[in-house]
Amino acid sequence: MQYYNKNNLPITIGQAIDAYGSTDIKEIKLYGEIDETHGFMVTDQGFYYCVNKPGFFPFENLSDIIIHKEHGKSDQLILKGEKTARFNGNETFCKMIAEAIGQLTNLEVHYEMSDVDAIYYYGGIILNDIKNDAYEDTALTPLQEESLNAYLEELEENKDTELQTYMMNMSLLGDKIMNLVEELELDSDEIDALEKAVAKDREKQNSMFEQAREMYNKNPDLIKSMTGIDPESIKDKSPEELNQMLDDLCDRFNISKDQLMQLAAIFNILYL
C-alpha cells in the first residue's frame, strides 16, 4: 500500500473518490492506495474505505480510537462511535490511520493488548530507541551492548513462536529489559508502559504460582512422579541447594533453566 498526505496526492485520486461513492470528499488528510479504486481516505468528515465494497465511518460521534495487538494475529484498528468498526491490517496501516484520525478529532489513540503483548511491543520500541541513540547522553558498556543485541534477537525469535512459549519468554524478557533500563537510568512513556505491563504480568504469575502450590500441596506425589523430586525433601533446603537441584534437574533433561520455565508453563506448574 502507498500512503499519501494532502500535499502529494497522486493523479489517481479522482478515480478513488468516484469509487468510494461520495461527492462530499473534499479535504483529504491521508490517502492509502491499494490500487486506483481500492484503499482508504481520512478526511475532515470521516474515514472512507473501499476494499470489497465502499464504506464510511463518520467522526461526528467518534468516542475512541483503539489499536488492538495480539500475538500471531494482524493488528486491528477499532473506531468506536454510535457503532463500532474494526479494520485488520499491519502495524503501519493501523498506526498511520489512528494517528491521522487522532489529530483531526483531538482523541488519544489507545492500545489494547495483553500484558505479554505489551512487553513485546513496548520492549521493542525501547530497545530500538536505545540502539538508535534516542535517549540523550546514554553510553553503553560492552556488556550492556551485548545484552541489548541479545534482547533484540529474542524479540525477533519470538515473533512467530507458539503462544505458550511466547508468553513465558516475554515474562522473562520483560524483567531483563527493565533491569537494563534501570542500569541506564532511562525514562520515557514507553518505559512507564513497560514497567506497568511487567508488574501486572508478575502479579499474574504470582497468583498462578499460589494456585499451583495449593494444588500440589494437596497432591505432592504428582511433582515427584513428574520431576523425580520429593517435595518433602526440599522444605529445609537453602537457596543455594535449591538452585543446585534445579541445575541437576536441567542436566537430567538436558534443558536450560529458561526452557524448564517454559515446560513448567506448558504443564501449568510454577516453581520457585
Side-chain angles (χ1 to χ4, degrees), residues 64-78 86-95 98 108-131 134 144 147-184 186-215 246 250 255-272:
D64 204 359
I65 307 167
I66 300 169
I67 295 178
H68 177 85
K69 304 181 77 70
E70 186 174 347
H71 177 67
K73 297 183 179 180
S74 299
D75 284 1
Q76 189 174 70
L77 173 67
I78 304 172
R86 300 173 183 270
F87 306 92
N88 293 326
N90 60 28
E91 184 174 343
T92 299
F93 170 84
C94 292
K95 187 174 182 180
E108 183 179 353
V109 178
H110 296 109
Y111 282 83
E112 181 181 86
M113 61 186 103
S114 69
D115 299 328
V116 289
D117 285 331
I119 292 171
Y120 179 88
Y121 177 68
Y122 291 112
I125 292 175
I126 294 164
L127 292 175
N128 280 291
D129 281 349
I130 295 173
K131 188 175 183 66
Q144 289 169 337
S147 296
L148 172 65
N149 291 328
Y151 301 160
L152 283 167
E153 286 181 11
E154 285 188 49
L155 283 175
E156 183 63 28
E157 289 170 357
N158 281 277
K159 182 185 296 184
D160 300 313
T161 54
E162 186 269 338
L163 180 59
Q164 197 68 58
T165 300
Y166 165 83
M167 291 174 64
M168 182 55 64
N169 286 345
M170 288 305 101
S171 292
L172 295 169
L173 187 58
D175 287 323
K176 295 176 185 177
I177 297 174
M178 284 306 306
N179 288 337
L180 178 61
V181 164
E182 289 168 6
E183 287 179 12
L184 297 173
L186 303 179
D187 184 41
S188 68
D189 290 342
E190 290 81 10
I191 290 173
D192 290 342
L194 175 64
E195 184 177 21
K196 182 178 179 180
V198 168
K200 289 176 66 178
D201 180 65
R202 188 180 296 122
E203 181 181 343
K204 187 182 300 180
Q205 295 291 341
N206 289 340
S207 176
M208 291 173 61
F209 171 76
E210 290 301 325
Q211 294 175 24
R213 182 166 62 177
E214 181 179 347
M215 179 175 63
L246 286 179
C250 290
I255 58 176
S256 68
K257 284 186 178 179
D258 285 357
Q259 289 172 318
L260 182 61
M261 293 183 70
Q262 293 168 13
L263 287 172
I266 291 172
F267 290 104
N268 293 321
I269 301 172
L270 295 172
Y271 63 91
L272 291 174

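Fair warning: this is a prediction, and the values are worked out from it, not measured in the lab. Only heavy atoms go into these numbers, but all of them, side chains included; no hydrogens, no water, no symmetry mates. We count residues from 1, following the sequence as given.
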Self-check item: Interatomic spacing from CD in Gln144 to OH in Tyr151 - rounded to 0.5 Å
Solution: 9.5 Å
Practice problem: Report the residues that fulfil side chain to side chain donor-acceptor pair (under 3.5 Å) with Glu195, sequence neighbours left out, ordered by chain and then residue number. | Solution: none
Quiz item: How would you list, by chain and number, every residue that makes a side chain to side chain donor-acceptor pair (under 3.5 Å) with Asn88, sequence neighbours excluded?
Solution: Gln76
Practice problem: Enter the distance from Cys94:SG to Ile66:CD1 here, rounded to the nearest 0.5 Å. | Solution: 12.0 Å
Quiz item: Can you name the ring-ring contact (aromatic ring centres under 6.0 Å, His included) partners of His71, sequence neighbours left out?
Solution: Tyr166
Practice problem: Would you check if Val181 and Asp187 make a side-chain contact, meaning some heavy-atom pair closer than 4.5 Å? | Solution: no
Exercise. Nearest 0.5 Å please: distance from the CD1 atom of Ile126 over to the CD1 atom of Ile191.
Key: 5.0 Å
Quiz prompt | All salt bridge (charged side-chain N to carboxylate O under 4.0 Å, His left out) counterparts of Lys159, not counting sequence neighbours | solution = Glu156
Quiz item: For Leu155 and Met170, what are the C-alpha separation, side-chain angles and deciding distance, and is it a side chain to side chain contact (heavy atoms under 4.5 Å, CB included)?
Solution: CA-CA 8 Å; Leu155 283 175; Met170 288 305 101; 4.2 Å; yes
Quiz item: How would you list, by chain and number, every residue that makes a side-chain contact (heavy atoms from CB on, under 4.5 Å) with Glu91, sequence neighbours excluded?
Solution: Lys69, Asp75, Tyr121
Quiz item: Going by heavy atoms in the side chains, are His68 and Arg86 under 4.5 Å from each other?
Solution: no
Exercise. Drop me the distance from Leu148's CG to Ile177's CD1, to the nearest 0.5 angstrom.
Key: 9.5 Å
Quiz prompt | With Ala98 via side-chain contact (heavy atoms from CB on, under 4.5 Å) - residues at least two apart | solution = Ile65, Ile67, Leu77, Val109
Quiz item: What distance separates Leu194 CG from Asp189 CG, expressed to the nearest 0.5 Å?
Solution: 12.5 Å
Quiz item: Does Glu182 have any side-chain contact (heavy atoms from CB on, under 4.5 Å) partners at least two apart in sequence or in another chain, and if so, which?
Solution: Met178, Asn179
Self-check item: With sequence neighbours excluded, residues passing side chain to side chain donor-acceptor pair (under 3.5 Å) with Ser114
Solution: Asp117
Quiz item: Leu180 versus Leu127: any side-chain heavy-atom pair under 4.5 Å?
Solution: yes
Exercise. Output the distance between atom CG (Leu152) and atom CD (Glu157), rounded to the nearest 0.5 Å.
Key: 11.0 Å
Quiz item: Listed by chain and number, what are the side-chain contact (heavy atoms from CB on, under 4.5 Å) partners of Ala193, not counting sequence neighbours?
Solution: Tyr122
Exercise. Only pairs at least two apart or in different chains count here, so list each salt bridge (charged side-chain N to carboxylate O under 4.0 Å, His left out) that has a residue in residues 120-131.
Key: none
Exercise. Please name all residues satisfying salt bridge (charged side-chain N to carboxylate O under 4.0 Å, His left out) with Asp175, sequence neighbours left out, ordered by chain then number.
Key: Arg202
Quiz item: Less than 4.5 Å apart, any side-chain heavy atom of Leu173 and any of Asn169?
Solution: no
Quiz item: Ile119 and Ala197: which non-hydrogen atoms are nearest, and at how many Å?
Solution: CG1-CB, 4.1 Å
Quiz prompt | salt bridge (charged side-chain N to carboxylate O under 4.0 Å, His left out) partners for Glu112, two or more places apart | solution = none
